[in-house]
Every structure is written in structure tokens, then in C-alpha cells.
Amino acid sequence: MNDIIIDYIKQQLLSGQVDIDLSPEEDLLGSGLIDSLGMIQLLAFIEEKFEVKVPPQDMTIENFMTVEAIGNYLERLKTA
Amino acid sequence: MDFSWPENYTQYRAEVIAFAKETLNDDLVERDQAGLFSRQLWQKCADFGILGLAAPKQYGGKEEEVDLLFSMLAMEGFGYGCKDNGLSLGLNAQMWTVQIPIAHFGSDAQKEKYLTAFTSGQWIAAHALTEPNAGSDIFSMETLAEKTEGGYVLNGKKHLITLAPEADVALVFANINPKLGKWGVTAFLVDKGTPGFTALPTDSKMGLRTVPIGAFEFKDCFIPTENRLGGEGAGFSILNYSLEYDRCCILASQLGAMERQLEETIAFVKERQQFGQSIGKFQSVSNRIADMKLRLETSRLLLYKVAWLKRNGKSALMEAALLKLQLSESFVASSMDAIRSRGGIGFLTATEVERDMRDAVGGVLYAGTSDIQRSIIARLLGL
Ligand SMILES: Cc1cc2nc3c(=O)[nH]c(=O)nc-3n(C[C@H](O)[C@H](O)[C@H](O)COP(=O)(O)OP(=O)(O)OC[C@H]3O[C@@H](n4cnc5c(N)ncnc54)[C@H](O)[C@@H]3O)c2cc1C
């Protein structure tokens with residue numbers, strides 16, 4: 001799951017900068033890597049790709065800070 | 001694919017049109033010139049049930065839960081029947097950018113207190129986001145909410161806020177920790193009369209003159225925790241959630257206005273004779289009418305698509321940006337064509353054609369300028 005998200009971020013949100021080293025623990029928000037439109041795009045991608053619906057109230061820094069946090073959140077969402 | 005509407009939807013749209021035509025269009029030239037907001041007309045809209053289109057039945061709403069397609073079609077009818085685009089903007093702004101966020105993110109106590117008072121017309125609400133130094137780049141906002149015992153202390157300024165001078169309540173966005181950027185943005189419900197909260201005098205403007213616009217100032221304004229809407233940092237999500245509702249319904253009323261404008265322009269060019277024939281027979285004139293029709297129908301398709309996507313729980317990022325750009329720019333272009341088609345009298349205030357032009361300009365600026373919509377579209381295309 002993490003690899004799919006990282007790949008999407010590199011390809012779509014960072015204009016195909018595949019050589020960027022993006023680890024699952026990288027702070028996506030503080031580093032300014034993803035802006036607000038990018039975050040909404042990422043959300044739409046996640047919903048479609050993993051066939052989930054992220055309730056608006058779950059769009060929090062805790063759930064979206066890193067790729068790892070997103071992955072953990074999605075696991076919880078799927079098993080809930 | 002099915003483009004037909006259920007009968008109860010079109011029936012209600014017809015009722016809204018009849019109500020608006022009969023009740024809301026009197027003295028509009030004078031009210032527009034004087035820049036007068038009518039709380040009386042607002043109340044009539046509330047009594048009819050317009051504000052209830054954006055709230056669940058439990059809190060004065062029309063339906064058990066808000067049905068976006070139903071509400072959108074009703075607000076399209078509203079824009080068609082009501083020539084007062086200012087009133088229409090004010091109602092839509094409260095409904096989609098204040099009521100809907102409260103309906104979704106509010107506590108039961110907040111819903112009970114605020115939604116019921118909004119749908120009944122007792123209180124008016126404003127959505128306070130834009131700041132002097134943060135417009136398109138909204139997440140760089142400077143209004144701060146400092147956490148303190150039992151709540152937050154707000155300091156900052158909001159400007160260009162629809163209904164601010166009339167508002168009994170403001171939904172205010174402030175940052176609890178600027179280091180967190182958008183994830184620090186938090187929403188608060190601020191009641192009129194709260195110490196440290198001031199509404200500044202109405203700003204004069206070129207169009208939409210029947211709805212007041214103004215600024216708010218916050219100076220050491222204490223807001224109790226119970227007035228926070230959603231969690232700390234939920235502002236980004238709240239804005240994102242209400243944006244597409246906002247686009248569908250504010251723009252739906254503009255679509256209705258464009259339809260009315262087209263019908264009136266057709267009637268005029270058929271009637272007006274020059275060189276021994278209707279001016280509509282001159283191709284230069286009829287081409288303009290054809291362009292107006294094309295703008296109307298392309299805007300309509302985009303609007304209905306966005307509403308349909310939202311109703312089916314799908315993302316409508318690209319479509320909403322295309323819609324905002326197309327519909328708002330079309331209203332400006334068609335308003336200009338409506339004036340040209342009248343000749344000189346189109347320039348006169350009493351003809352009530354130039355007002356749409358002035359009103360339409362607001363639409364290419366608020367809720368994301370056309371430049372911003374283009375840049376969203378380009379980004380989504382991978383540029
Ligand atoms: C009638 C009306 C009602 C409004 N009601 C409300 C309301 O109720 N609540 C509220 O919070 N706000 C409201 N606004 C404010 C509105 O949302 C802002 O005016 C709008 O977001 C633009 O911000 P700005 O005015 O600061 O312009 P700026 O962001 O300073 O933009 C100035 C110019 O630069 C361009 N620009 C800026 N950034 C970019 C970029 N990245 N790419 C390309 N071009 C760019 C813009 O398109 C524009 O041409 C209202 C505005 C109007 C006109």
C-alpha cells in the first residue's frame with residue numbers, strides 16, 4: 001500500500017520526479033512536499049484506488065502526516 | 001445516461017420560481033442603487049423554505065437529509081425567478097458555506113442552536129475566510145487562535161466577507177499553530193456581541209449591491225471550546241467539504257439568472273424593429289444569441305455533472321474547477337451580450353440589464369478566481 005502511495009506522489013504530485021528519495025516516514029506536510037490541492041488529489045486517488053470513503057472528519061494531520069500514517073489509517077478504515 | 005428529473009423536483013422548482021417572481025423583484029432598481037439589504041425579503045425566503053434546502057429536517061430542513069440535486073435544481077429556479085442576484089448570493093453563501101459545514105461537523109448542541117435559527121431566518125450567518133494578506137493563498141492566513149483555559153483567543157482580520165455587516169454569527173477560520181500550515185486551520189462559531197469581535201461598516205461595491213460585504217476584526221476575542229466547529233485542525237477538511245456544495249448551488253442560481261437573461265434578450269430582439277425588420281433577423285445579433293445559448297447549455301451540463309458526481313460520492317475536483325470557470329465567465333460574457341443586444345437602452349439602469357453585468361463580475365472572483373480555476377485544471381492535467 002505504501003509503495004503505491006509513494007509512487008503516486010512521485011509520479012503525479014511531484015511531476016514525475018522519480019529520483020526523489022521519499023520514505024514512508026517522511027513528513028509530507030511540514031516539508032511542504034504536498035500543497036492543499038495535492039492533498040485533495042491524493043485523497044481522491046486513495047479513495048478510488050483502495051475503494052474506501054474517507055469521511056471528512058478523518059482528514060487530520062495524524063492520519064495524513066506521512067505515507068506510513070496514511071497506510072495505517074487505511075488499514076484501520078478497512079477493518080472498521 | 002438519463003437527463004430527466006423526477007416530477008417532484010421540477011414541481012418544487014416551479015413553486016420556487018413562482019414565489020421568487022411574485023415576492024422578490026419589487027423596487028430592485030432603487031434597492032440596488034441605494035445598496036440596501038432587505039431583512040424582510042430574507043425572512044420571506046426563510047418562511048418559504050429556501051434556507052431549509054441546506055439543513056436536515058430535524059433542524060428546519062426541507063428533506064430528511066439534504067438532497068444535493070433537489071436543492072441545486074431549486075436554487076437554479078430561485079436564480080431564474082429572483083432578479084436580485086445579491087439576495088441570491090447571500091442566501092447561497094449562508095446555506096452552503098455555513099449551514100452545510102455545521103450540519104456535517106457540528107455537535108448536536110451546535111446544530112440545535114445555530115441551524116434552527118438560520119433556517120427560520122432568525123439569525124444570519126457569514127463565512128469568514130479571506131484576509132487582507134491571504135486570498136487565493138488562503139492557508140497562509142494570519143488570524144490566530146491561541147489556546148487558553150476553556151477556549152481560544154482570536155486575533156486578526158477578515159475582509160470581503162458576504163453578509164458580514166448583517167451577521168448574527170460568523171463561521172471564522174483561524175490558525176492554532178501557523179507551523180502546521182493548513183493542518184492548523186480551525187473553525188469557530190463566533191456570535192455577534194462577543195467581546196473583541198467587531199463588524200466594520202459595509203464596503204461599497206460595483207455589483208451584488210443588495211447584499212452587504214464587509215470586514216471583521218478580532219482583538220483578544222475569547223471563544224469557548226464549545227464554539228469550535230469540528231476538531232482542532234479540521235478547517236482544511238471543512239473547507240474542502242463545503243466547497244463543492246458551494247460551487248453547485250451558488251452557481252446554480254447564476255445558471256437560472258442566465259436562463260432568464262437569455263429569454264428576455266430573445267423576446268427583446270424579436271420585438272425591436274430596425275431597417276423594417278426584427279433585429280433578431282440580423283446575423284450579428286442572432287449569432288450573439290446563439291453564443292448565449294451555447295454558454296448556458298455547456299454551463300448547465302457541467303453543473304449537473306458536478307452535482308451528480310457529488311451525489312454519488314465521487315470526487316469532482318476537475319469538474320468543479322471547469323464548472324466554476326465556465327459558468328462564471330459565461331455569465332459575464334452573456335451579460336455583455338445582453339447589453340449589446342439592447343443597444344443604448346441596455347446601458348440604462350432602468351432597463352435592468354446592466355445590473356446583471358455588474359453582478360456577474362463578482363462570480364469570477366469569489367470562491368476561487370478564474371486564474372485559480374485554470375491553474376487547478378492545469379495541475380490536474382499533470383502540467
Ligand atoms: C462578491 C464577493 C464576495 C465574497 N465573499 C466572501 C465570503 O463570504 N467569505 C470569504 O471568506 N471571502 C469572500 N470573498 C473573497 C474572495 O474569496 C477573494 O476575493 C478571492 O479568493 C481572491 O482573493 P484576493 O481578493 O485576495 O485576490 P488575490 O489572491 O490577491 O489575487 C489577485 C490576483 O492574482 C491572481 N492570482 C493569485 N494567486 C494566483 C495563482 N497562484 N495563480 C494565478 N493567479 C493568481 C488572482 O487570480 C487575481 O487576479 C468574496 C469576494 C467577492 C468579490
Fill in: Aromatic ring pairing A:Phe45/A:Phe50, orientation class (parallel under 30°, perpendicular over 60°, tilted between)
perpendicular
Worksheet item: Sequence neighbours excluded, which residues qualify as side-chain hydrogen bond (donor to acceptor under 3.5 Å, both in side chains) partners of B:Asp137?
Response: B:Ser140
Worksheet item: Do any N or O atoms from the side chain of B:Glu329 and from the backbone of B:Ser370 form a donor-acceptor pair under 3.5 angstrom?
Response: no
Worksheet entry | Engaged part of A:Thr60 at the chain B interface, taking heavy atoms whose separation is under 4.5 Å | backbone
Worksheet item: Between B:Ser237, B:Gly181, B:Ser315, which has the largest tally of heavy atom pairs under 4.5 Å with chain A?
Response: B:Ser237
Practice prompt. Tabulate, in ascending numerical order, the residues of residues 301-310 of chain B having at least one heavy atom closer than 4.5 Å to a heavy atom of chain A, or enter 'none'.
Written response: none
Practice prompt. Using only heavy-atom distances, determine whether the side chains of B:Tyr245 and B:Asn92 contain a donor-acceptor pair under 3.5 Å.
Written response: no
Discussion item. Which atoms of B:Leu180 are under 4.5 Å from chain A, going by heavy atoms: the side chain, the backbone, both sets, or neither?
Written reply: side chain
Worksheet item: If you measure only the distance, is there a donor-acceptor pair under 3.5 Å linking the side chains of A:Gln57 and B:His104?
Response: yes
Discussion item. As a test of understanding, state which of B:Phe105, B:Phe173, B:Tyr241, B:Phe139 forms a ring pair (Phe, Tyr, Trp, His ring centres under 6.0 Å) with B:Phe236.
Written reply: B:Phe139
Fill in: Heavy atoms of other groups near A:Glu51 CD, more than 12 under 6.0 Å
no
Can you list, pair by pair, the side-chain donor-acceptor contacts under 3.5 Å of residues 374-382 of chain B, counting residues two or more places apart and other chains?
{"residue": "B:Ser375", "atom": "OG", "partner": "B:Ile372", "partner atom": "O", "Å": "3.0"}
{"residue": "B:Arg379", "atom": "NH1", "partner": "A:Asp35", "partner atom": "OD2", "Å": "2.9"}
{"residue": "B:Arg379", "atom": "NH2", "partner": "A:Asp35", "partner atom": "OD1", "Å": "3.0"}

Worksheet item: Does B:Lys57 pair with B:Glu63 as a salt bridge, N-O distance under 4.0 Å?
Response: no
Fill in: Ionic contact status for A:Asp58 with A:Lys53, cut-off 4.0 Å
no
Worksheet item: Looking at B:Tyr366, is B:Lys324 sitting on its ring face, NZ or CZ under 6.0 Å from the six-membered ring centre and within 45 degrees of the normal?
Response: yes
Worksheet item: Do any of residues 142-157 of chain B have a heavy atom less than 4.5 Å from a heavy atom of chain A, and if so, which, in residue order?
Response: none
